[in-house]
*Asks:* 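Below is a structure I'd like to ask you about.
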Amino acid sequence: MQYRLDLVLHPAEGALLRVIGMAERRGFAPRAIHGAPDAQDQGRWHLQLVVDGTRPPETLCRQIEKIYDCISVQVTALGVAA
């Protein structure tokens with residue numbers, strides 16, 4: 001199954017690596033990432049991370065929310081991975 005994670009992160013060194021590493025350690029394979037800092041939101045990073053995985057995505061969301069740099073995360077199911 002493929003999922004899109006909509007993330008808001010503090011712009012900190014290593015924040016993106018921590019998110020991607022967490023996804024991989026929880027059994028999800030990162031497939032794409034898009035995003036940029038938002039000047040209107042105090043420079044916070046607004047990212048979309050697409051992952052493949054067979055595990056429940058809520059587990060991944062709860063773990064990513066615990067990362068210090070993470071402000072928010074929302075998951076959307078995209079369907080079966082190609």
Side-chain angles (χ1 to χ4, degrees):
M1 189 75 174
Q2 199 167 66
Y3 303 98
R4 183 184 74 226
L5 302 174
D6 294 299
L7 301 148
V8 179
L9 302 174
H10 288 287
E13 185 176 329
L16 184 56
L17 289 175
R18 284 188 282 280
V19 169
I20 292 172
M22 181 67 71
E24 289 179 328
R25 286 190 301 277
R26 295 295 176 257
F28 292 85
R31 296 295 177 215
I33 190 164
H34 305 282
D38 187 346
Q40 296 176 350
D41 190 14
Q42 301 172 358
R44 294 178 176 148
W45 295 341
H46 290 254
L47 305 171
Q48 290 183 340
L49 175 64
V50 177
V51 296
D52 289 341
T54 57
R55 300 181 68 189
E58 295 79 20
T59 303
L60 178 59
C61 285
R62 282 193 303 270
Q63 292 299 312
I64 289 177
E65 286 173 341
K66 293 178 184 179
I67 295 174
Y68 175 77
D69 304 314
C70 182
I71 298 166
S72 70
V73 58
Q74 295 178 342
V75 65
T76 303
L78 298 178
V80 178

*Asks:* Could I get the full list of salt bridge (Lys or Arg N to Asp or Glu O under 4.0 Å) partners for R31, not counting sequence neighbours?
*Replies:* D52
*Asks:* Which Ile, Leu, Val, Met, Phe, Trp or Tyr residues join I71 in one cluster when any pair of side-chain heavy atoms under 4.5 Å counts as a link?
*Replies:* V8
*Asks:* Grab the two heavy atoms, one from G53 and one from F28, that are nearest each other, plus how far apart they are.
*Replies:* CA-CD2, 3.7 Å
*Asks:* Once salt bridge (Lys or Arg N to Asp or Glu O under 4.0 Å) is applied, do any residues pair with R26, and if so which ones, sequence neighbours excluded?
*Replies:* none
*Asks:* Can you name the residues that form a side-chain hydrogen bond (donor to acceptor under 3.5 Å, both in side chains) with Q48, not counting sequence neighbours?
*Replies:* D6
*Asks:* Find the distance between CD1 (I64) and OG (S72) and round it off to the nearest 0.5 Å.
*Replies:* 11.0 Å
*Asks:* Run the side-chain contact (heavy atoms from CB on, under 4.5 Å) test against C61 and tell me which residues pass, sequence neighbours left out.
*Replies:* L5, V73, V75
*Asks:* Could you tell me which non-hydrogen atom of Y3 sits nearest to which non-hydrogen atom of P57, and how far apart they are?
*Replies:* CE2-CG, 3.5 Å
*Asks:* Which ILVMFWY residues can you reach from V50 by hopping between side chains whose heavy atoms are under 4.5 Å apart?
*Replies:* L78
*Asks:* Determine, step by step, whether M22 and I67 satisfy the side chain to side chain contact (heavy atoms under 4.5 Å, CB included) criterion, reporting the C-alpha distance in whole Å, the side-chain angles of both residues, the deciding distance to 0.1 Å, and the verdict.
*Replies:* CA-CA 9 Å; M22 181 67 71; I67 295 174; 4.1 Å; yes
*Asks:* Determine which pairs satisfy side-chain hydrogen bond (donor to acceptor under 3.5 Å, both in side chains) with at least one residue from residues 9-19, sequence neighbours left out, and list them in order.
*Replies:* R18-D69
*Asks:* Residues in side-chain contact (heavy atoms from CB on, under 4.5 Å) with P30, at least two apart?
*Replies:* I20, E24, L49
*Asks:* Got a sec, which residues hit side-chain contact (heavy atoms from CB on, under 4.5 Å) with A36, two or more places apart in sequence or on another chain?
*Replies:* none
*Asks:* Closest heavy-atom contact between A15 and W45?
*Replies:* CB-CZ3, 3.9 Å
*Asks:* What are the two closest non-hydrogen atoms of R44 and H46, and how far apart are they?
*Replies:* O-CD2, 3.5 Å
